[in-house]
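Convention: sequence-line order gives letters A, B, ...; per-chain numbering from 1. No hydrogens, no waters, no symmetry mates; every other heavy atom, side chains included, goes into these values. Predicted model, so just to flag it, every value in this text is computed and none were measured.
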Protein chains: 2
Amino acid sequence: MTEDDLGRRGHTRTEIIASAYQLFIQRGYHGASMRQIAQNAGIALGGIYNHFASKEAIFIAVMIDHYPLMAIAPALQVAQGQTIEELFRNAALLIDQALGQSPDFLNLMFIELVEFHGQHVPQLFETVYPKVLLFAQQFEKWQNELRPVPIPILMRGFIGLFFSYFMTDKLIGSLLPVEMKQDAFDCFVDIYLHGILVKGEAVTE
Amino acid sequence: MTEDDLGRRGHTRTEIIASAYQLFIQRGYHGASMRQIAQNAGIALGGIYNHFASKEAIFIAVMIDHYPLMAIAPALQVAQGQTIEELFRNAALLIDQALGQSPDFLNLMFIELVEFHGQHVPQLFETVYPKVLLFAQQFEKWQNELRPVPIPILMRGFIGLFFSYFMTDKLIGSLLPVEMKQDAFDCFVDIYLHGILVKGEAVTE
DNA sequence: CCTACCGATCGGTAGG
DNA sequence: CCTACCGATCGGTAGG
């Protein structure tokens with residue numbers, strides 16, 4: 001097998017995953033057919049099975065490449081800040097950028113939760129969890145600036161912040177005037193930060 | 001047509017909706033078949049079409065009866081409090097109770113967003129929106145206790161709070177130790193309230 | 001409300 | 001990687 005063959009194989013595989021991703025997030029797992037996936041990838045139905053053993057195998061490959069939670073890890077890793085507020089704001093900004101503007105990326109997560117009962121979530125989450133812990137470790141030096149909230153709840157709330165924003169955007173975003181959406185994300189981050197920091201209260205040392 | 005007939009008809013219809021609801025949230029819209037819905041409802045396939053014109057008509061009926069956002073409206077309507085903090089806490093508690101313990105209720109929303117591209121959301125949301133506005137009107141008397149956040153963002157954040165909690169519960173809830181889940185919801189409400197109130201800061205009059 | 005059926009489409013495979 | 005095919009199942013309907 002030459003390198004060209006490997007390149008072709010990889011390219012076709014990539015095309016299949018890209019095609020399946022689009023169809024899955026647009027129609028759901030059972031709503032997207034192997035024939036549609038093949039057609040969008042530019043090959044015949046039978047050709048798919050040279051790359052994947054089954055439809056579910058394609059879904060898992062799509063999850064590994066596009067699962068939204070996975071975008072959180074690298075963002076948490078590179079986020080920096082002189083203050084804890086700056087650290088959070090930078091992390092939020094990086095995650096927001098990584099997830100992209102369209103909230104359609106959430107659909108993959110929805111499909112997983114509904115049509116697969118969240119089977120693959122624990123496996124994927126274990127990849128992210130250590131990164132979350134590393135990020136949370138940075139809080140120690142600012143412990144006196146944080147309200148007495150358990151660190152895991154703090155992180156859970158931070159991740160939840162994105163669901164809060166993107167879910168409401170998905171549900172009622174199209175009904176809101178543009179000027180109200182402009183700074184909504186900043187407002188959400190602001191409320192969260194004000195909610196976890198003691199800033200403004202009397203801090204005795 | 002006698003009242004008995006109406007009662008039977010209504011009962012069968014209710015059975016179909018209940019059966020469809022369970023199957024939809026467990027397998028998704030395209031993953032649940034009309035034959036399964038009929039079987040769980042205790043009738044033959046053909047019998048369904050005496051009550052519904054199509055599969056989608058069943059889905060819409062299920063949405064009207066079980067759409068999670070609809071549970072928010074009555075809770076906001078009866079929520080009361082001597083302080084704005086109490087008002088929010090009571091509303092949060094009522095909504096939490098109305099939604100129930102199992103976060104499976106969210107699945108219906110996911111299916112709608114993915115497999116129907118959120119077609120029915122605006123119609124359902126218009127039912128809830130006036131109630132949200134009425135709730136928000138109560139804030140006027142406590143305006144000086146609120147940080148300068150636009151009221152719509154405040155309400156969007158309040159609704160988002162539930163997504164924040166239930167989505168993270170659904171995703172990683174099973175991985176968390178029980179003692180960490182115990183007060184998580186209270187903590188989330190607490191962070192939100194601390195985030196929107198000026199309490200603790202210098203309030204000049 | 002059930003039985004029996006419709007055409008269409010499903011995921012997957014054999015053979016080349 | 002394609003063509004042609006498999007049995008199974010899909011949503012929906014006719015007739016009683």
Worked verdict on Lys170(A) versus Asp104(A) for salt bridge (charged side-chain N to carboxylate O under 4.0 Å, His left out): CA-CA 8 Å; Lys170(A) 217 173 157 62; Asp104(A) 281 347; 3.4 Å; yes

For atom CD of Gln97(A), decide whether the heavy atoms of other residues, nucleotides or ligands shown that lie under 6.0 angstrom number more than 12. yes

Taking everything shown except Phe105(B) itself, do over 12 heavy atoms lie less than 6.0 Å from its CZ? yes

Using every non-hydrogen atom in the two residues, find where Leu113(A) and Leu171(B) come nearest and quote the distance to one decimal. CD2-CD2, 4.1 Å

Measure across Arg156(B) and Tyr165(A) and return the closest heavy-atom pair with its distance rounded to 0.1 Å. NH2-O, 3.2 Å

Sugar-phosphate only, base, or nothing, as touched by Ala38(A) at under 4.0 Å among non-hydrogen atoms: nothing

Mind checking if Leu45(B) touches a base, just sugar-phosphate, or nothing, with heavy atoms under 4.0 Å? base

Is there a donor-acceptor pair under 3.5 Å between the side chain of Glu115(A) and the backbone N or O of His30(A)? yes

N/O donor-acceptor pair under 3.5 Å between Glu145(A) side chain and Leu197(A) backbone: no

Any stem touching DNA chain D, meaning at least three consecutive Watson-Crick or G-U pairs under 3.5 Å, ordered by first number, would be C:1-16 with D:1-16

Outermost nucleotides of DNA chain C that come under 4.0 Å of a non-hydrogen atom of chain A: dC10(C) to dT13(C)

For Asn50(A) and Arg35(A), take the nucleotide of DNA chain D holding the closest heavy atom to each; which residue's nucleotide lies nearer the 5' end? Asn50(A)

Gly46(B) vs Tyr49(A), nearer the 5' end of DNA chain C by closest nucleotide: Gly46(B)

Would you call Arg89(B) and Asp186(B) a salt bridge, taking side-chain N to carboxylate O under 4.0 Å as the test? no

